[in-house]
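FYI, side chains are in, hydrogens and waters are out, and symmetry mates aren't considered; it's all heavy atoms of this structure.
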Amino acid sequence: MKYAARMLAIAAVITPLLASAQLGSQRKIVAQVPFEFHAGNKIVPAGKCTVQLVSPDSTTLTIRNSDAKMALFAGSRMDTPPKGSTANMLVFHRYGARYFLSEIRVAGSSFSYRLPESTNELELRAQNVPVSEQILLAQRY
């Protein structure tokens, strides 16, 4: 029993480290986003969007739009994508004409980076506004 508890504790410590290595702070995902979107409580204009980890041992993401010359930090948590990721993807929740960045999936990884719902998104959900999922493929550099 002690062995099982010790192994569980070790797995809990190592899993985030392995997961963060999937994207890595030196690696980035780049996508051309044709619409403005919310990331946290900030609005990111349409254009070339780059996402990368702040550091290898963190789940905080840097989201940049080079066309608009803006950058922001967004907290995320590790999650498991529905069937693993076969491609790099930015996943958005769409409410009418409003988009919210929800998740970043990394090809070949069993983990994804999920952003918390913003106040605006929670309000739209509370109003029962229909939601759909929009997925954009991205390149990994």
Checking side chain to side chain contact (heavy atoms under 4.5 Å, CB included) for the pair Ile63/Lys42: CA distance, chi angles, key distance, verdict? CA-CA 11 Å; Ile63 301 170; Lys42 303 235 177 164; over 6 Å; no
Parallel, tilted or perpendicular: which fits the ring planes of Phe92 and Tyr99, with parallel below 30° and perpendicular above 60°? perpendicular
Only one of Gln127, Glu123, Glu121 passes side chain to side chain donor-acceptor pair (under 3.5 Å) with Tyr95, and that residue is Glu121
Is a side-chain N or O of Asn65 found less than 3.5 angstrom from the main chain of Val44, in a donor-acceptor match? no
Would a single hydrophobic cluster contain both Val33 and Leu61, if residues Ile, Leu, Val, Met, Phe, Trp and Tyr are joined by side-chain heavy-atom contacts under 4.5 Å? yes
The criterion is ring pair (Phe, Tyr, Trp, His ring centres under 6.0 Å); which residues satisfy it with His93, sequence neighbours excluded? none
Shortest non-hydrogen contact between Ala138 and Ala31, atoms and distance: CB-CB, 3.8 Å
Determine, using the 4.5 Å side-chain heavy-atom cutoff (strictly less than), whether Phe100 and Phe37 are members of one ILVMFWY cluster. no
Nearest-0.5 Å distance that lies between atom CG in Asp79 and atom CD1 in Ile104: 11.5 Å
Using modelled atom types and a 3.5 Å cut-off, is there a donor and acceptor pairing between side-chain atoms of Asn88 and backbone atoms of Gln139? no
Any donor-acceptor pair under 3.5 Å linking the side chain of Thr59 with the backbone of Arg77? no
Worked verdict on Leu53 versus Ser58 for side chain to side chain contact (heavy atoms under 4.5 Å, CB included): CA-CA 7 Å; Leu53 287 174; Ser58 171; 5.7 Å; no
When rounded to the nearest 0.5 angstrom, what distance separates OG1 in Thr50 from NZ in Lys28? 6.0 Å
Nearest-0.5 Å distance, CZ of residue Arg114 to CG of residue Leu101: 10.5 Å
Pro45 and Ala68: which non-hydrogen atoms are nearest, and at how many Å? CG-CB, 3.6 Å
Roughly how far, to the nearest 0.5 Å, is the CZ atom of Arg94 from the OG atom of Ser102? 15.5 Å
Distance from Glu103 atom CD to Met89 atom CE, nearest 0.5 Å? 9.0 Å
How many angstroms lie between atom CG of Leu90 and atom CG of Leu115, to the nearest 0.5 angstrom? 10.0 Å
Going hydrophobic residue to hydrophobic residue with side-chain gaps under 4.5 angstrom, can you get from Val91 over to Ile43? no
So for atom CD, which belongs to Gln32, do other residues, nucleotides or ligands contribute more than 12 heavy atoms lying within a distance under 6.0 Å? yes
Do Phe35 and Val129 sit in the same hydrophobic cluster, where Ile, Leu, Val, Met, Phe, Trp and Tyr count as joined when their side-chain heavy atoms come under 4.5 Å apart? no
